[in-house]
Every structure is written in structure tokens, then in C-alpha cells.
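Being a predicted model, the structure only gives us computed values, none of them experimental. Proteins get letters first, then strands, A, B, ... in listed order; numbering begins at 1 in each.
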Amino acid sequence: MTTVAEKSARAAGKPATMAQALTRAMRDAMAEDPTVHVMGEDVGALGGVFRITDGLAKEFGEDRCTDTPLAEAGILGAAVGMAMYGLRPVVEMQFDAFAYPAFEQLISHVAKMRNRTRGAMPLPITIRVPYGGGIGGVEHHCDSSEAYYLATPGLHVVTPATVEDAYGLLRASIASDDPVVFLEPKRLYWSKADWSPQAPAAVPGIGKALVRRAGTSATLITYGPSLPVCLEAAEAAREEGWDLEVVDLRSLVPFDEDTVVESVRRTGRAVVVHEAAGFGGPGAEIAARVTERCFHHLEAPVLRVTGFDIPYPPPMLEKYHLPGVDRILDTVARLQWEN
Amino acid sequence: MTVQELPGAGASHRPTPPPAWRPRTDAAPLLPDAEPYRVLGTPAADRLDPALMRRCYAELVRGRRYNAQATALTKQGRLAVYPSTVGQEACEIAAALVLEEQDWLFPSYRDTLAAVARGLDPVQALTLLRGDWHTGYDPREHRIAPLSTPLATQLPHAVGLAHAARLRGDDVVALAMVGDGGTSEGDFHEALNFAAVWQAPVVFLVQNNGFAISVPLAKQTAAPTLAHKAVGYGMPGRLVDGNDIAAMHEVLTEAVRRARAGGGPTLIEAVTYRMEAHTNADDATRYRGDAEVEAWKAHDPVELLERELTARGILDEAGIQEARDEAETMAASLREGMNADPVLDPMDLFAHVYAEQTGRLREQAALLRAELDAEGDA
Ligand SMILES: Cc1ncc(C[n+]2csc(CCOP(=O)(O)OP(=O)(O)O)c2C)c(N)n1
């Protein structure tokens with residue numbers, strides 16, 4: 001049931017939640033460009049299990065918002081063929097861990113078609129993947145699979161953390177002539193915290209990180225579901241006299257090194273925070289890169305706060321696994337910040 | 001406990017039938033023939049179109065010569081690898097001939113010959129196997145998808161493309177080729193299912209050439225034939241003699257016609273044989289005997305047609321010689337094209353990864369540039 005408040009927000013053209021912003025982004029893209037097609041499991045009458053495609057089939061018809069058979073390789077493989085013929089498919093993978101059957105298509109074809117054909121056949125496909133934990137989901141519903149995607153050249157990988165970015169980044173992804181893996185932090189679907197009271201400001205597109213909170217003592221580098229946690233940690237750290245800067249990557253590929261490096265050179269200290277496992281995770285790459293470019297500016301090694309290197313835990317244990325404010329603060333303390 | 005002993009069970013108790021929800025019932029019209037369909041050497045050959053058959057013959061002879069030339073090029077080190085289609089030329093050529101210009105071909109890694117028969121420049125078609133680039137042609141220009149090395153993965157692409165074309169109101173049929181081994185892959189299943197549910201204008205052509213590298217069909221499937229697999233998806237399955245180009249042409253034409261008319265997809269199993277090894281790198285004597293290969297020699301696709309056409313006076317010595325001469329001309333130009341060293345630009349490594357270069361790739365490109373410049377200076 002949509003509440004009256006939500007309805008009026010939509011009528012006023014102002015999505016109140018990330019979920020609504022995503023719906024709105026697809027809706028606007030479909031209205032503007034007849035080649036945009038949404039497809040996936042349950043995206044039609046149901047509007048997706050998270051209701052992100054709510055109303056699209058009704059408004060644009062089942063040919064534009066299509067309930068497919070239950071087959072992820074088939075969905076993505078068919079999307080490849082559709083893109084080869086000039087359409088812009090927006091594919092919904094129902095949950096992070098259910099995208100894995102489509103990896104063959106993703107890695108062997110989606111990521112490589114432009115390259116294989118010397119640029120003759122780019123594939124403008126957006127692959128929406130609800131990801132991450134914190135929603136009490138049972139196993140196979142909470143994976144943070146970004147490391148698999150970002151290890152695959154040819155894909156863009158983006159993840160919004162705010163309502164504005166959900167709209168802006170999804171529009172940019174659909175408009176991109178390259179395939180984009182669009183990771184949706186599912187626990188932020190219904191968060192409203194970051195929607196500005198005015199109409200959405202234009203947000204930068206793919207490949208730009210943003211400083212979400214300015215600070216001087218250390219930089220927290222994060223993205224997606226961990227952004228609100230880092231912002232909270234930064235507030236809490238004030239009491240201890242720490243002034244933390246928080247950088248939201250927004251885009252993992254391309255990775256906006258300059259914004260990150262600039263921040264770390266200024267603060268001299270850095271912590272990378274994400275839910276995905278630490279070993280071989282995105283933080284490893286970021287820490288290496290920061291070390292390479294900021295070595296003489298660093299007052300301490302780049303540290304990481306990540307999920308443990310374990311299969312995603314059952315819901316009753318996930319709070320021990322996910323990076324929380326305390327673990328972030330403890331790690332910040334290990335930067336041996338003095339005076 | 002038997003049914004009789006169940007409380008409440010008895011002759012008078014009739015369970016109410018479940019409400020109807022099943023989408024389809026009658027499988028019979030979808031079932032393939034028990035024996036591969038044949039035209040050559042049967043009364044059906046009376047209705048052969050002489051002009052079409054002469055064209056088929058010329059293409060078969062060219063195709064055989066193409067296979068021989070490509071294999072020779074591997075021996076000279078000009079091709080990294082070549083999966084031969086000797087024995088399978090009728091399938092390759094019929095697949096190309098039944099398509100209209102606006103239609104699309106989705107070949108597997110073995111189907112270079114089908115791409116060439118569709119009109120692709122033989123040298124461009126071999127770029128992948130020579131190793132200078134993955135796809136040597138613009139797929140949109142020729143309406144030939146890149147040769148797919150991961151097995152069966154091109155099948156859902158064919159479905160998506162055909163579906164997209166139909167959504168746009170275009171008259172386009174996609175013909176997708178796959179080997180017998182490829183039918184065991186999940187993508188084969190997903191593609192057939194999608195195609196049938198969407199009623200997409202697609203023709204799936206399975207070349208059952210007996211082996212997936214070394215694994216025989218009996219270890220690949222327990223189905224009576226691969227064509228039977230169609231029934232479960234709700235599309236017709238056709239079993240056809242893959243060495244009989246007249247039968248292949250007829251069955252494929254009918255499937256393409258059906259797809260074009262909105263009748264949905266068809267699965268065709270062409271029963272054929274791979275006369276040579278899997279590729280030049282394979283030793284086929286480890287998994288099959290000479291007797292089997294010899295037996296198939298008697299059923300050679302080129303000779304089958306040649307015999308039929310000469311017996312019927314459609315083809316004479318002069319016609320045969322003409323086809324051979326044409327094939328030699330093609331082989332000579334292929335040799336010439338392949339003997340010229342391709343000019344490669346190492347900077348191409350970074351040119352086609354993304355629409356816009358990432359900072360990371362710019363840096364790496366600069367590194368390579370500097371290395372190349374240093375090499376040039378040395
Ligand atoms: C997904 C995948 N698995 C394995 C291979 C390695 N491989 C290449 S060809 C081949 C056999 C294919 O047999 P079949 O489908 O019958 O086609 P044919 O070679 O007979 O044309 C295998 C296993 C591959 N290319 N792709």
C-alpha cells in the first residue's frame with residue numbers, strides 16, 4: 001500500500017525514498033526513450049519483489065516491462081541480443097546471490113562485446129542488483145558481490161547511497177553506452193534521510209566520488225549501504241575530538257582516484273569501509289591505490305573495516321558481521337591520531 | 001497403507017480434478033520423425049530445383065575447399081587453430097542460404113564456414129582463429145554475431161535479438177547454431193524456453209556431429225534424439241540428415257518461414273559427422289575407430305549431391321569442373337590474404353574497453369606507449 005504521503009510525493013515529482021527514486025528513474029527513462037526496456041523475474045504485475053518496477057508494466061505495457069521466465073542466464077543473454085538490435089535493456093536480478101547463474105553471460109559477453117567487436121557493438125545494458133545485508137534476509141539474500149563485478153574489465157559498477165543518487169545514477173546508467181552493474185543497497189531502499197527538500201539537484205554521473213562530510217583528521221572511504229554508517233560514525237567521533245571526512249565513492253568502476261587521493265592527502269589518514277569480505281575485496285584495491293599515491297602524506301597505514309571473510313551469516317548473527325559504528329571508531333583510533 | 005485402507009478412500013470417493021492451469025496439452029504435432037528426414041536418393045528428389053541445387057553444389061565444393069585450405073594454414077602456422085567442418089558442409093551452407101539479407105546468423109566457434117557462405121570475407125572470418133582480433137568484422141554490417149566460443153551462450157542472444165526485432169515490427173529471423181555437446185549447457189535450455197514462451201522468430205540448428213571433442217552423444221544425453229528436446233519447450237523438433245543439403249535446405253526453409261510468419265521457434269537436429277579431429281590440435285584416434293569414419297565417408301555431403309545431380313542430368317562434368325575452379329580461386333585468394341601479416345596496433349588494447357577511457361586505462365596506455373617508444377628508440 002502506498003501511503004498518502006508517498007502518493008503526494010510522487011505527484012509532486014519528488015520521490016521520498018530510494019525505492020521511489022529508482023522507480024522514477026526507470027519511468028522517466030522509458031518515457032523519454034522508447035528503446036528502454038525493463039525485464040526480469042516478477043517485474044510486471046507484482047512490480048518486483050521490492051516493488052522497484054511498480055507501475056511500469058501498467059504504464060508502458062508488458063512489451064516494455066516484461067516478466068521473463070525464471071532464468072538469470074536467459075534474462076541477461078536475451079538482453080544481450082536485444083541490445084545488439086538497438087534496445088536498452090534494464091535487467092533486474094532479483095537478489096545479489098541469484099545473479100550468479102548469469103555470470104557466464106555477464107563476463108564472457110556483456111563485458112566483452114564492445115571489445116570483441118572493436119567497438120562496433122557496444123551493449124548498453126543496465127543490470128540492477130539489490131545487494132548487501134542488514135535486512136534480516138536468510139542465506140543467499142544478502143551477499144555483497146561487488147568484488148566479482150569490479151574484477152571484470154568492461155563493466156561499470158556503481159552504487160547509490162542517497163535518494164538523489166538513486167535517481168541520478170540510474171538515469172546515467174541507462175543512458176550509458178556501456179554495460180553498468182547497478183548495485184542497489186537494499187537496506188537503504190526505504191530510507192528517506194538524504195532526500196533534499198527541494199527538487200533533486202543534478203548529481204554527477206558515473207565515475208565521480210563525492211565528499212559527503214568534510215573533515216580534517218582522517219578520511220572514511222565508503223559507498224552504498226555503509227555510507228549512513230560512516231556518517232553516523234563521523235558524528236559520534238566528534239565527541240572524541242575527531243573530525244572525519246567521509247567520501248562516498250558512488251562508482252567503483254571507474255574509481256575516482258583523484259577525489260579520494262585529494263582527501264587523504266589533506267587528512268593524512270584513511271579507513272576504507274564496506275560490507276563485502278575484506279580479503280580480495282574492494283577495500284584492498286582502494287587501500288593499495290591510496291598507498292601508491294599518498295605514501296608521503298600518510299601518517300598511518302590505510303586500514304579497512306569490512307565484513308568478515310565468511311559466507312554471509314544467518315540473520316540473527318549479521319549484526320556481528322556488518323561494519324558498525326563501534327568497529328569504525330575503534331579502527332579510527334588505531335590510526336593513532338594524536339593531539 | 002494402501003489406498004483402500006486410507007480413511008475416507010473408497011470407490012465412491014472421486015477426488016475433484018485440479019483446476020485447469022496447464023498452458024498446453026497436445027505434444028504430438030511437436031514430435032520429430034523417428035528417422036532423419038532425407039530428400040537425396042528418395043522420390044522427394046523429383047521436385048528438386050535445379051538452379052538452387054547447382055548453387056548448393058558450388059557452395060559445397062567451395063566449402064570443402066575452404067576447410068582444406070584453413071587446415072593447411074594451421075600447418076603453416078598462419079592460423080592458431082581451426083575447427084574443421086569437413087563432413088558438415090551441408091549444414092553450414094544450408095544455414096547461410098536460407099536466410100534473407102535482414103536476418104541474423106548466430107554461429108558457434110566451429111561455424112566459420114556458415115559465416116563465409118553468408119557472404120563474409122573469408123579472411124575477416126578467420127581473424128578470431130588467426131589471433132589478430134576476436135571478431136574481424138562488424139556484426140551489424142553482415143548480420144552475423146561474433147563466433148561464440150563459450151558453448152550455447154549465443155543462443156539466448158539470438159532469442160533476444162529476434163524478440164527485439166519483432167517488438168520493433170521488423171521482419172527478422174535469427175538462426176542460431178550449436179553443437180550436440182552444447183545442448184547440455186544451461187544456456188541451451190534457457191534460450192529454447194525463452195524463445196518458446198516469447199514465440200520469438202528463431203531457428204535453433206543443432207549439428208549433431210557425433211562428438212563433443214571426445215565425448216560421444218551417448219554420454220551427452222539420454223534423450224531419444226536431440227530433436228525430442230523441443231517438445232518439452234512447446235516447439236516443433238525436426239530430425240534431418242545433415243549430409244543431405246536438399247533436406248537441410250527444405251527443413252530450414254520451412255522453419256524460417258514458420259518463424260517469419262509468427263509461428264515461433266523450431267529446433268532442428270541435423271545428424272552429421274565430423275570427419276576430421278575436433279581441431280588440428282586434437283587426436284581423434286584416441287576416441288574413435290577408423291571403421292566408423294570410413295562408414296561415414298560413404299555418406300559424404302558433396303558426393304551425395306553430386307551423384308544425385310549428375311544422375312538427373314542437372315550437373316555435368318563441365319559444371320563440376322566449374323565449381324572446382326571457383327573453389328580454387330577462393331582458396332588462392334584466402335591463402336594470399338592469410339599470408340599477408342596483419343598490421344597490429346598495440347594501442348588497440350585500450351581502445352575498445354569502454355566508450356570513454358577510464359583514468360586507469362589512460363595511465364596503462366601511457367605506460368605501454370612509453371615502452372613502445374623506448375623500444376623504437378633502441
Ligand atoms: C562453456 C564451454 N565449456 C567448454 C568449452 C570447451 N569446448 C570447446 S568445444 C567443446 C566441445 C563442443 O562440442 P559440441 O557442442 O558437440 O560442438 P562441436 O565441437 O562438435 O561442433 C568443448 C567442451 C567451451 N568452449 N565452452
Side-chain angles (χ1 to χ4, degrees), chain A residues 34-35 37 39 61 63-64 66-87 89 101-102 104-105 107-109 111-125 153-156 176-179 206-207 251 253-258 289, chain B residues 104 106 127-128 133-141 145-168 170 172 174 176 185-187 189-198 200 202 348-349 351-361 363:
Chain A
T35 67
H37 284 242
M39 56 200 280
D63 282 347
R64 298 276 310 276
T66 308
D67 274 332
T68 63
L70 213 170
E72 291 75 14
I75 295 169
L76 193 51
V80 169
M82 291 164 72
M84 285 169 89
Y85 203 76
L87 301 185
E104 160 74 327
Q105 286 292 340
I107 288 157
S108 296
H109 293 294
K112 292 179 182 164
M113 192 66 86
R114 170 187 288 280
N115 188 255
R116 291 165 80 200
T117 62
R118 278 182 189 268
M121 194 164 256
L123 294 180
I125 303 176
L155 301 176
H156 288 302
S176 168
D177 284 335
D178 283 319
I206 295 169
S251 165
V253 183
F255 165 48
D256 180 2
E257 281 181 27
D258 291 344
R289 205 59 191 153
Chain B
W104 274 73
F106 284 78
T127 306
L128 166 77
W133 202 262
H134 309 303
T135 302
Y137 53 92
D138 179 344
R140 275 196 235 269
E141 182 189 341
L147 298 162
S148 181
T149 306
L151 301 171
T153 54
Q154 75 280 19
L155 306 181
H157 305 173
V159 176
L161 183 132
H163 176 65
R166 209 175 45 147
L167 288 179
R168 295 189 136 193
D170 296 345
V172 171
E185 290 281 358
D187 280 36
H189 158 71
E190 299 193 21
L192 264 69
N193 191 50
F194 266 67
V197 171
W198 285 354
V202 186
D348 269 3
L349 289 179
H352 309 292
V353 184
Y354 297 103
E356 216 177 295
Q357 199 82 299
T358 61
R360 205 63 185 267
L361 287 180
E363 245 174 55

Kindly determine whether B:Q154 and A:H109 satisfy side chain to side chain donor-acceptor pair (under 3.5 Å), including the steps that lead there.
-> CA-CA 9 Å; B:Q154 75 280 19; A:H109 293 294; over 6 Å; no
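- Without hydrogens or angle criteria, B:E190 side chain to A:I75 main chain gives no donor-acceptor distance under 3.5 Å.
- Within the 4.5 Å cutoff, the side chain of B:T135 has no heavy atoms near those of the A:M121 side chain.
- Put simply, OG1 on B:T358 and NE2 on A:H156 are 8.0 Å apart, with the number rounded to the nearest 0.5 Å.
- When side chains are defined from C-beta on, A:R118 counts as touching B:D348, because their heavy atoms get closer than 4.5 Å.
- Per-residue heavy-atom pair counts under 4.5 Å with chain A were compared for B:Y137, B:W104, B:F194, B:F106, and the maximum is reached by B:F194.
- Taking all atoms of both residues into account, the shortest heavy-atom contact from B:A355 to A:R114 is CB-NH2, 3.3 Å.
- With a 4.5 angstrom heavy-atom cutoff, B:E363 touches chain A only via side-chain atoms.
- No part of A:A79 comes within reach of chain B, as not one of its non-hydrogen atoms sits under 4.5 angstrom from that chain.
- Between B:H157 and A:G77 the shortest heavy-atom distance is CD2-O, 3.2 Å.
- With chain B as partner, the option from A:P101, A:G74, A:P34 having the largest number of non-hydrogen pairs under 4.5 angstrom is A:G74.
- Interface remark: of the candidates A:E104, A:K112, A:M113, A:R289, A:R289 forms the most heavy-atom pairs closer than 4.5 Å to chain B.
- Both the backbone and the side chain of A:T117 come within contact range of chain B, each with at least one heavy atom under 4.5 Å from a heavy atom of that chain.
- Put simply, the side chain of B:R168 never gets that close to the backbone of A:T35: no donor and acceptor are under 3.5 Å apart.
- Note: B:L167 leads B:L167, B:V197, B:T149 in heavy-atom pairs under 4.5 Å with chain A.
- For chain A, no part of B:A200 is nearby; none of its heavy atoms comes within less than 4.5 Å.
- Separating the NE2 atom in B:H163 from the OG1 atom in A:T66 is a distance of 5.0 Å, to the nearest 0.5 Å.
- Under the salt bridge (charged side-chain N to carboxylate O under 4.0 Å, His left out) criterion, B:R360 pairs with A:E285, sequence neighbours left out.
- Residues satisfying the ring pair (Phe, Tyr, Trp, His ring centres under 6.0 Å) test with B:W133, not counting sequence neighbours, are none.
- If you measure heavy-atom distances from A:R64 to chain B, you find no contacts under 4.5 Å at all.
- What you find for B:G160 and A:M82 is that their closest heavy atoms are O-CG, 3.2 Å.
- Each of A:L70, A:L76, A:L87, A:D256 has some count of heavy-atom pairs under 4.5 Å with chain B, and the biggest count is that of A:L87.
- With a 4.5 Å cut-off on side-chain heavy atoms, B:V172 and A:Y85 count as touching.
- The two residues B:R140 and A:P122 come nearest to each other via the heavy atoms NH2-CD, 4.0 Å.
- Proximity to chain B (any heavy atom under 4.5 Å) is restricted, for A:E257, to the side chain, taken from C-beta onward.
- Both the backbone and the side chain of A:D63 come within contact range of chain B, judged by heavy atoms closer than 4.5 Å.
- In this structure, the portions of B:D138 lying under 4.5 Å from any heavy atom of chain A include both its backbone and its side chain.
- Both the backbone and the side chain of B:A165 have a heavy atom closer than 4.5 Å to some heavy atom of chain A.
- For B:L147, the part lying under 4.5 angstrom from a heavy atom of chain A is the backbone only.
- Shown here for A:S108 and B:P150, the closest heavy-atom pair between the two residues is CB-CG, 3.9 Å.
- Listed for the B:Y354 side chain is a donor-acceptor partner under 3.5 Å among the backbone atoms of A:L155.
- For the residue pair A:P69 and B:N193, the shortest heavy atom distance occurs at CB-ND2, 3.6 Å.
- Of the listed residues A:G119, A:G154, A:G86, the one with more heavy-atom pairs under 4.5 angstrom with chain B than any other is A:G154.
- Neither the backbone nor the side chain of A:S176 comes within contact range of chain B; no heavy atom of the residue lies under 4.5 Å from a heavy atom of that chain.
- Proximity to chain A is absent for every atom of B:V159, based on heavy atoms less than 4.5 angstrom apart.
- Side chains of B:P146 and A:M84 form a contact here, defined as non-hydrogen atoms less than 4.5 Å apart.
- Side-chain contact between B:L128 and A:R116 is absent, with no heavy atoms from C-beta onward closer than 4.5 Å.
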